[in-house]
Structures are given as C-alpha cells and as structure tokens.
K.L.:
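This structure is in structure tokens; I'll ask about it shortly.
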Amino acid sequence: MKEELNKIIKSAQNDIGQAGSLHDLMQLKSRYTGKKSILNSFMQKIGTLPVAERPAFGQTVNQAKAQLAELLAQREIEIKEKEYESNLKSQVIDLTMPGRKSESGSLHPITKVWRGIEDIFISLGFDVAEGPDVEDEFHNFDALNTPADHPARNLSDTFYLEDDVLLRTQTSTVQVRVMENHQPPIKIISPGSCYRNENDASHSPMFHQVEALVVDEGVTFADLRDMLNIFVKKMFGEDIESRFRPHFFPFTEPSAEIDIICVKCHGKGCNLCKGSGWLELGGAGMVDPNVFDMLGIDSEKYTGYAFGLGMDRVAMLKYKIPDMRLLFENDVRFLKQFK
Ligand code: PHE
C-alpha cells in the first residue's frame with residue numbers, strides 16, 4: 001500500500017507541476033486531496049492493515065496530504081503570476097496614443113452678447129444691477145409713470161401670475177429698484193429676461209433687455225446721445241452710425257427710439273432693414289421728473305437718462321440671425337455655429 005501511495009504522490013506532483021490553468025488546478029485539488037480523493041480512500045483502507053502499522057501509515061497519508069496541499073498552493077501562485085504577466089503583454093496600453101476628444105460646447109449667442117455688453121459698459125464706468133423676474137405692478141408700471149389705463153397694462157401683453165404679481169415686461173423695473181434704494185450719482189446697467197405675450201419671427205415671449213440708467217446733477221440729453229453712440233460703435237463697429245427718432249415712453253420725457261445703420265447693407269436698403277437702411281435697437285429718454293418724485297429723488301436737483309436695448313435683437317443683428325425663435329430652439333446645428 002505504501003508503494004501505491006508513493007506512486008500516487010509522484011503522479012500528483014507531476015500533474016500539479018504541469019497544470020496550466022487555475023481550472024486544471026482545481027480539478028487536481030479535488031482529485032488528490034478532496035473529500036472523495038484518492039488520498040482519502042487510503043485513509044478508509046487503513047483498517048485492512050495490521051494494527052501496529054496503522055498509526056505510521058495514517059501519519060504518512062496525512063503528511064502526503066499536507067505536502068500536496070502546499071504544492072497546490074505554490075502552483076496556484078505560479079499560475080496566477082503567469083496569467084498576470086501574459087495579461088500585461090496582451091493588454092498593452094499605449095500611453096503615447098492620443099486620447100478620445102470630448103467635444104466642448106460653446107456659449108449661447110445671447111450669453112456672448114450679454115457678456116460683451118457688460119464688458120463695454122463696465123469699461124465706461126457703469127455698475128451692473130439685477131432685479132427679480134417676478135414683479136409687482138408698482139415696479140413694472142406705477143413707479144414708471146404708467147397709469148392703470150395704459151395699453152401696456154393690457155392682459156394681452158403682460159403675463160399675470162396673480163393679482164399684482166406679474167412677469168416683468170421690461171428691465172426698467174430695475175431702475176425703480178435702484179432709485180428706491182440709492183441716491184444719485186447713479187450709473188448702472190441691468191441686463192435680464194423680460195416676458196410679453198407675443199410670439200413671431202421678431203418677438204419671443206421670453207426675451208432679454210439691458211437697461212441703462214444715469215442720474216446725477218446736470219445730466220443732459222446730449223450725454224445720452226453720446227453714450228449710445230459710443231456703445232453702438234463699440235458693439236457693432238466704428239462705421240455703424242445711430243440715430244434717434246421721437247417716440248413716447250411713460251417714464252421718459254423727451255423719449256426716443258434708437259436706430260442703427262443697417263449692419264447688412266450699411267444704409268443702402270436691403271431685406272434685413274426692409275429697404276429703410278436703418279434697424280431699430282431700443283428706446284431711450286430723459287427720466288420723467290414724476291418718476292424721481294415717486295421714488296424720493298430730488299427732481300429739482302437731479303436729471304437722468306435711461307435707455308433699454310433688446311439683447312436678442314443685438315445678437316440677431318451682430319450674428320445676422322434672421323428669426324428670433326432660432327435663439328430659443330436649442331438646435332445644436334444652430335448653436336454649433338457660435339464656437
Ligand atoms: N423699457 C422700454 C421698453 O421695453 C425701453 C426703454 C427703456 C425706454 C429705458 C426708455 C428708457 O420698451
């Protein structure tokens with residue numbers, strides 16, 4: 001029996017040495033040392049030996065088991081190392097290979113115009129002020145000298161959320177908020193979203209305005225005219241002239257609408273300017289003394305000007321965008337053009 005055992009140990013050593021994978025090794029483990037293994041069957045046969053030989057034989061089998069277990073463990077480490085190395089070779093990572101590029105997005109044309117406008121006015125000494133999109137009638141209408149029966153209060157223009165709660169129709173609300181809280185000198189712009197119930201190629205229910213307000217002693221209409229000229233040239237180019245057309249706004253007197261020379265035909269007349277050579281940019285005027293009086297600013301001492309420009313319109317003119325709705329559809333084919 002001993003000889004038989006030695007034979008088996010030899011063949012086990014041989015098999016283990018040749019095992020090429022962890023799978024093979026597992027099979028050898030159960031064949032030689034598992035519950036139903038050959039070595040265990042020797043233990044069962046121990047009863048056939050003379051009593052005196054049994055303890056020694058039992059020991060020999062146990063030793064053999066331990067020896068094989070160690071061999072198996074060693075071989076397992078060897079196989080794992082081999083597999084690791086061959087993995088390293090087959091799954092080579094070339095660190096010099098260029099990576100996959102992720103496409104970067106771009107700023108929305110309105111964001112670009114918004115930031116450009118802020119930069120221009122900050123360079124001219126203005127502060128940037130902000131106000132809420134959800135407003136009350138006082139800030140959107142009353143304090144802007146817009147009486148209750150003014151057509152701009154009509155429901156068809158203004159989105160009312162509740163009685164006396166509305167989406168601001170203009171950034172002029174921020175003029176009011178600034179003058180409520182500050183005495184002159186005031187020199188601010190306030191860019192932001194506005195809302196009106198209209199929707200076509202040149203109107204969007206949500207749009208963007210930038211308002212400017214300058215209040216101090218001795219501010220004149222000529223200062224307003226001058227400031228707008230400077231802005232227009234910085235924004236659209238030195239060759240772009242602007243002009244004022246008489247107009248009416250409840251909170252400015254006198255009031256004007258601002259036009260610039262058509263950026264496409266430079267005044268000759270084309271489809272963009274509908275043949276007139278001019279494009280409308282916004283409104284302007286001298287702050288009505290009534291507004292000062294309502295907000296506690298001395299209208300005998302101070303004068304001021306204000307203007308408001310459609311930033312979407314500026315974007316359309318600057319980038320020659322034919323339809324305002326393109327700005328809000330978020331079509332990537334459109335947005336990609338502003339990288
Ligand atoms: N808030 C006016 C509008 O939305 C524009 C404007 C602003 C006019 C400031 C005069 C002064 O039409």
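Since the structure is predicted, the reported quantities are computational estimates derived from the model, not experimental observations. Indexing begins at 1, ligand by ligand and atom by atom, following the structure's order.
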K.L.:
Please check if the distance between the ring centroids of Phe221 and Tyr305 is under 6.0 Å.
P.N.:
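Ring centroids of Phe221 and Tyr305 are no less than 6.0 Å from each other.
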K.L.:
Below a 4.0 angstrom heavy-atom separation, can you tell me which part of Cys194, side chain or backbone, both or neither, approaches ligand 1?
P.N.:
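For Cys194, no heavy atom sits under 4.0 Å from ligand 1.
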K.L.:
Within the 4.5 Å heavy-atom criterion, are Leu144 and Gln175 side-chain neighbours or not?
P.N.:
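They are in contact (side-chain heavy atoms under 4.5 Å apart), so the answer is yes.
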K.L.:
I'd like to check which ligand 1 atoms, numbered from 1 as shown, lie under 4.0 Å from a non-hydrogen atom of Ala306.
P.N.:
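Here the atoms of ligand 1 in question are 9 (C), 11 (C).
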K.L.:
Exactly one of Arg31, Lys29, Lys10 should register a salt bridge (charged side-chain N to carboxylate O under 4.0 Å, His left out) with Asp15. Which one does?
P.N.:
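Single pass found, and it is Arg31.
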K.L.:
Do Val113 and Met324 sit in one hydrophobic cluster, given that two such residues count as connected whenever their side-chain heavy atoms are within less than 4.5 Å of each other, even indirectly?
P.N.:
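As far as the 4.5 Å side-chain criterion goes, Met324 and Val113 are connected within one cluster.
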K.L.:
Classify the ring geometry between Phe121 and Phe307 as parallel (under 30°), tilted (30 to 60°) or perpendicular (over 60°).
P.N.:
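Phe121 and Phe307: tilted rings.
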K.L.:
Tell me whether ligand 1 is touched by Ala284 - counting only heavy atoms on the residue side and a distance under 4.0 Å.
P.N.:
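For ligand 1, residue contact (heavy atoms, under 4.0 Å) with Ala284 is present.
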K.L.:
Does any N or O of ligand 1 fall below 3.5 Å from an N or O anywhere on Ser172, backbone included?
P.N.:
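Yes; the residue has a nitrogen or oxygen that sits under 3.5 Å from a nitrogen or oxygen of the ligand.
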K.L.:
Looking only at protein heavy atoms, which one is nearest to atom 2 (C) of ligand 1, and how far off is it?
P.N.:
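I find the closest protein heavy atom is Gln170 OE1, 3.6 Å.
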K.L.:
Around atom 9 (C) of ligand 1, find the nearest protein heavy atom and jot down its residue, atom name and distance.
P.N.:
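Answer for atom 9 (C) of ligand 1: Glu211 OE2, 3.2 Å.
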K.L.:
Which bit of Phe307 is near ligand 1, meaning a heavy atom under 4.0 Å away: side chain, backbone, both or neither?
P.N.:
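Within the 4.0 Å criterion, Phe307 contacts ligand 1 through backbone atoms alone.
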K.L.:
Give a yes/no verdict on whether any heavy atom in Arg196 is under 4.0 Å from an atom of ligand 1.
P.N.:
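True for this residue.
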K.L.:
Classify the ring geometry of Phe249 against His247: parallel below 30°, tilted from 30° to 60°, perpendicular beyond 60°.
P.N.:
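The arrangement is tilted - the two ring planes meet at 30° to 60°.
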K.L.:
Do any N/O atoms on Gln175 end up under 3.5 angstrom from N/O atoms on ligand 1?
P.N.:
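There is no such contact.
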K.L.:
Can you list the atoms of ligand 1 that are under 4.0 Å from a heavy atom of Gln209?
P.N.:
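Taking each heavy atom of Gln209 in turn, ligand 1 has 3 (C), 4 (O) under 4.0 Å.
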K.L.:
Answer yes or no on whether Arg225 is positioned over the face of Phe244, meaning its NZ or CZ is under 6.0 Å from the six-membered ring centre and within 45° of the axis.
P.N.:
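Yes, a cation-pi geometry holds between Arg225 and Phe244.
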K.L.:
Can you report which non-hydrogen protein atom sits closest to atom 12 (O) of ligand 1, along with the distance?
P.N.:
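Of the protein heavy atoms, Phe249 CE2, 3.6 Å lies nearest.
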K.L.:
Does Tyr305 reach ligand 1, in the sense of a heavy atom lying below 4.0 Å from it?
P.N.:
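Checking ligand 1 against Tyr305, which is what was asked, there is no heavy-atom contact under 4.0 Å.
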K.L.:
What protein heavy atom sits nearest atom 7 (C) of ligand 1, and how far off is it?
P.N.:
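Ranking protein heavy atoms by distance from atom 7 (C) of ligand 1, first comes Gly308 N, 3.3 Å.
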K.L.:
Same cluster or not: Tyr319 versus Leu107, using hydrophobic residues (I, L, V, M, F, W, Y) connected whenever any side-chain heavy atoms lie under 4.5 Å apart?
P.N.:
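No; tracing contacts between hydrophobic side chains, which count when under 4.5 Å, never links both residues.
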K.L.:
Please work out whether any backbone atom (N, CA, C, O) or any side-chain heavy atom from C-beta onward of His247 is under 4.0 Å from ligand 1, and answer side chain, backbone, both or neither.
P.N.:
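For His247, there is no contact with ligand 1 at all, from either part.
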K.L.:
Indicate whether any N or O donor in one side chain lies under 3.5 Å from an N or O acceptor in the other, for Ser299 and Asp293.
P.N.:
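Their side chains do contain a donor-acceptor pair, which is all the 3.5 Å distance test asks for.
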